Amino acid sequence: MMSQIAELDAAGFMPVPGESEEMFVSRVRGILDRHAQFDALLAENKTLTVFGEITVEEREKIPPEIIARAADVTWELYKFRTSHVPGFFLSRSVGLLWGGCLIGDPDENFSLFLIRNAFRTREKWLFYRRTELFAHELCHSMRLELRETTLEEHFAYQTSPSALRRYLGNCFIRDVDAVLFVVPALLLLAATLVRDFFWGAMPVGPFWILAFVYPLFLLLRNAASRRVVKKAARKLKEFGITETDAILFRCTREELCALGALENREQFDRLILDLGSRELRWKIIIERFITRENTTV
């Protein structure tokens with residue numbers, strides 16, 4: 001049973017916190033059945049509407065070899081390959097700078113990728129790379145079950161070849177972050193225009209402060225989150241664990257903090273023994289990434 005569950009983890013499925021082995025296997029079977037039904041209906045009807053408003057067509061389905069290249073990236077980093085989630089090229093009603101996204105509903109056991117039609121024949125469009133974009137969303141598709149937003153973008157952005165994106169990606173973890181990042185800058189621009197063209201005594205100093213306060217907050221929050229991950233990674237390496245990225249990827253923030261606070265190998269062995277007794281996710285981690293040579297558990 002445990003070997004089957006470990007294979008499901010390698011295929012991109014993660015247990016919900018507190019989920020039993022039987023519940024996990026049953027839920028994954030439901031997900032696979034739902035996607036198989038979708039594939040059969042799409043082949044029959046050629047066009048389907050999903051989530052009540054998104055229309056997809058069989059001719060726009062993304063070839064599996066494109067998604068497989070992204071799965072190579074996630075395997076290298078986090079030791080999983082997701083192949084059950086379908087993807088579609090989309091050219092209608094998309095934003096000017098929109099590249100793609102994952103849309104899913106856990107209650108429906110269904111998710112899919114949507115990606116800009118420009119990627120049909122190109123690996124790169126503007127500042128997006130097709131493989132990076134897919135790998136990023138594959139990470140979201142697996143970690144979705146953790147319901148843990150504060151580090152979600154950190155792990156997803158580690159798939160990027162850009163060091164800057166890998167570092168700054170977790171700054172924007174909520175929709176409001178982008179709004180509060182842009183709006184003060186627009187207010188500063190408006191205040192400057194008013195001063196230059198309409199009212200020379202217009203004070204712009206407060207708008208400069210507003211323009212820098214939220215970006216500074218985002219940077220500090222990002223730095224704090226990175227410290228949590230880096231400290232946990234450092235401890236794992238000290239204890240002789242080699243697949244650190246794969247383990248960290250499967251952790252909640254609370255678990256990462258607990259790993260980072262450990263002082264010695266004995267404490268580590270006690271911690272994973274406790275986690276493994278309570279969480280199926282940690283049973284999988286121990287089975288796949290913490291070998292007998294690496295632990296006394």
Side-chain angles (χ1 to χ4, degrees), residues 1-39 64 67-68 70-86 102 104-112 135 137-148 151-152 155-156 158-159 232 236 239-256 258-259 268-297:
M1 182 69 163
M2 196 60 218
S3 60
Q4 176 190 7
I5 289 174
E7 289 176 2
L8 293 178
D9 177 89
F13 297 99
M14 187 182 294
V16 174
E19 194 170 37
S20 68
E21 294 182 8
E22 293 75 16
M23 291 169 62
F24 177 51
V25 171
S26 176
R27 181 169 60 82
V28 171
R29 188 176 295 120
I31 293 172
L32 294 175
D33 288 345
R34 174 68 178 86
H35 282 83
Q37 292 170 8
F38 170 82
D39 288 339
I67 298 179
D72 289 341
V73 176
T74 61
W75 182 264
E76 181 67 22
L77 276 173
Y78 302 130
K79 295 298 179 283
F80 78 92
R81 295 179 188 273
T82 299
S83 60
H84 67 280
V85 181
L102 170 78
D105 186 346
D107 294 332
E108 291 191 20
N109 286 334
F110 185 72
S111 57
L112 55 76
E137 300 302 338
L138 286 173
C139 290
H140 288 321
S141 73
M142 184 168 184
R143 272 184 57 91
L144 182 68
E145 305 301 344
L146 287 182
R147 308 292 198 274
E148 211 293 305
L151 289 168
E152 185 69 20
F155 289 109
Q158 299 315 298
T159 62
L236 289 178
F239 302 147
I241 307 302
T242 56
E243 297 290 354
T244 56
D245 288 337
I247 295 173
L248 299 175
F249 178 78
R250 290 161 173 81
C251 291
T252 65
R253 189 186 187 100
E254 181 182 1
E255 291 164 352
L256 292 170
L259 288 170
F268 170 72
D269 289 338
R270 287 197 297 270
L271 176 64
I272 66 170
L273 182 63
D274 175 56
L275 291 171
S277 69
R278 295 187 287 110
E279 289 288 348
L280 176 59
R281 181 167 37 86
W282 271 92
K283 288 183 181 179
I284 296 170
I285 290 173
I286 294 169
E287 171 76 14
R288 292 195 64 201
F289 309 119
I290 304 176
T291 65
R292 290 185 182 277
E293 291 76 20
N294 280 332
T295 185
T296 59
V297 174

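We're numbering straight along the sequence, starting at 1. These numbers were taken from a predicted model, which means no experiment stands behind them.
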### Option from Asp269, Leu236, Ile272 for which side chain to side chain contact (heavy atoms under 4.5 Å, CB included) with Ile290 holds
Ile272

### Query
Does Glu19 use its side chain to pair, donor to acceptor, with the backbone of Val16 at less than 3.5 Å?
yes

### Task
Compare all side-chain heavy atoms of Trp75 with those of Val73 and state whether any distance is below 4.5 angstrom.
no

### Task
Under the side chain to side chain contact (heavy atoms under 4.5 Å, CB included) rule, collect the residues that match up with Ala246, sequence neighbours excluded.
Lys79, Glu243, Arg250, Phe289

### Query
Measuring from Glu21:CD to Leu8:CG, what's the distance to the nearest 0.5 Å?
11.0 Å

### Task
Output all residues satisfying ring pair (Phe, Tyr, Trp, His ring centres under 6.0 Å) with His84, sequence neighbours left out; order by chain, then residue number.
Phe13, His35

### Task
Kindly write out the residues that satisfy ring pair (Phe, Tyr, Trp, His ring centres under 6.0 Å) with Phe24, not counting sequence neighbours, or none if the list is empty.
none

### Task
Measure the CZ-CG distance between Arg143 and Leu146 for me, rounded to the nearest 0.5 Å.
5.0 Å

### Query
Rounded to the nearest 0.5 Å, what separation is found between the CD1 atom of Ile241 and the OG1 atom of Thr244?
9.5 Å

#### Entry: Where at least one partner belongs to residues 272-285, residue pairs that pass side-chain hydrogen bond (donor to acceptor under 3.5 Å, both in side chains), sequence neighbours excluded
Glu255-Arg281, Glu255-Trp282, Asp274-Arg278

#### Entry: Distance in Å, Ile5 CD1 paired with Leu280 CG, rounded so as to fall on 0.5 Å steps
5.0 Å

### Message
Can you give me the closest heavy-atom contact between Ser111 and Val85, atom names plus distance?
### Response
O-CG1, 3.5 Å

### Message
Can you give me the closest heavy-atom contact between Leu77 and Asp245, atom names plus distance?
### Response
O-CB, 3.4 Å

### Message
Using side-chain heavy atoms (C-beta onward) and a distance below 4.5 Å, is Phe155 in contact with Leu248?
### Response
yes

### Query
Quick one: side chain to side chain contact (heavy atoms under 4.5 Å, CB included) partners of Ala156, sequence neighbours excluded?
His136, Cys139, His140, Glu153

### Query
Side-chain contact, heavy-atom cut-off 4.5 Å: Ile284 with Met2?
yes

### Task
Sequence neighbours left out, what passes salt bridge (Lys or Arg N to Asp or Glu O under 4.0 Å) with Glu145? Give chain and number order.
Arg27, Arg147

### Task
Calculate, to the nearest 0.5 Å, the distance between atoms OH and CD1 belonging to Tyr78 and Ile247 respectively.
13.0 Å

### Query
Can you list the residues that meet the side chain to side chain contact (heavy atoms under 4.5 Å, CB included) rule with Ser26, with sequence neighbours excluded?
none

### Task
Output all residues satisfying side chain to side chain contact (heavy atoms under 4.5 Å, CB included) with Gln4, sequence neighbours left out; order by chain, then residue number.
Met1, Val25

### Query
Is it the case that more than 12 heavy atoms not belonging to Glu76 sit under 6.0 Å from its CD atom?
no

### Query
salt bridge (Lys or Arg N to Asp or Glu O under 4.0 Å) with Asp39: which residues, sequence neighbours excluded?
Lys61

### Summary
Taking every heavy atom of Glu287 against every heavy atom of Ala6, the minimum-distance pair comes out as CG-CB, 4.2 Å

### Message
To the nearest 0.5 Å, what is the distance between CG on Asp33 and CG on Asn109?
### Response
9.0 Å

### Pairing residues for Arg81 by the salt bridge (Lys or Arg N to Asp or Glu O under 4.0 Å) criterion, not counting sequence neighbours
Asp72

### Task
Check whether any side-chain N or O of Thr74 sits under 3.5 Å from a backbone N or O of Ala135 as a donor-acceptor pair, and report yes or no.
no

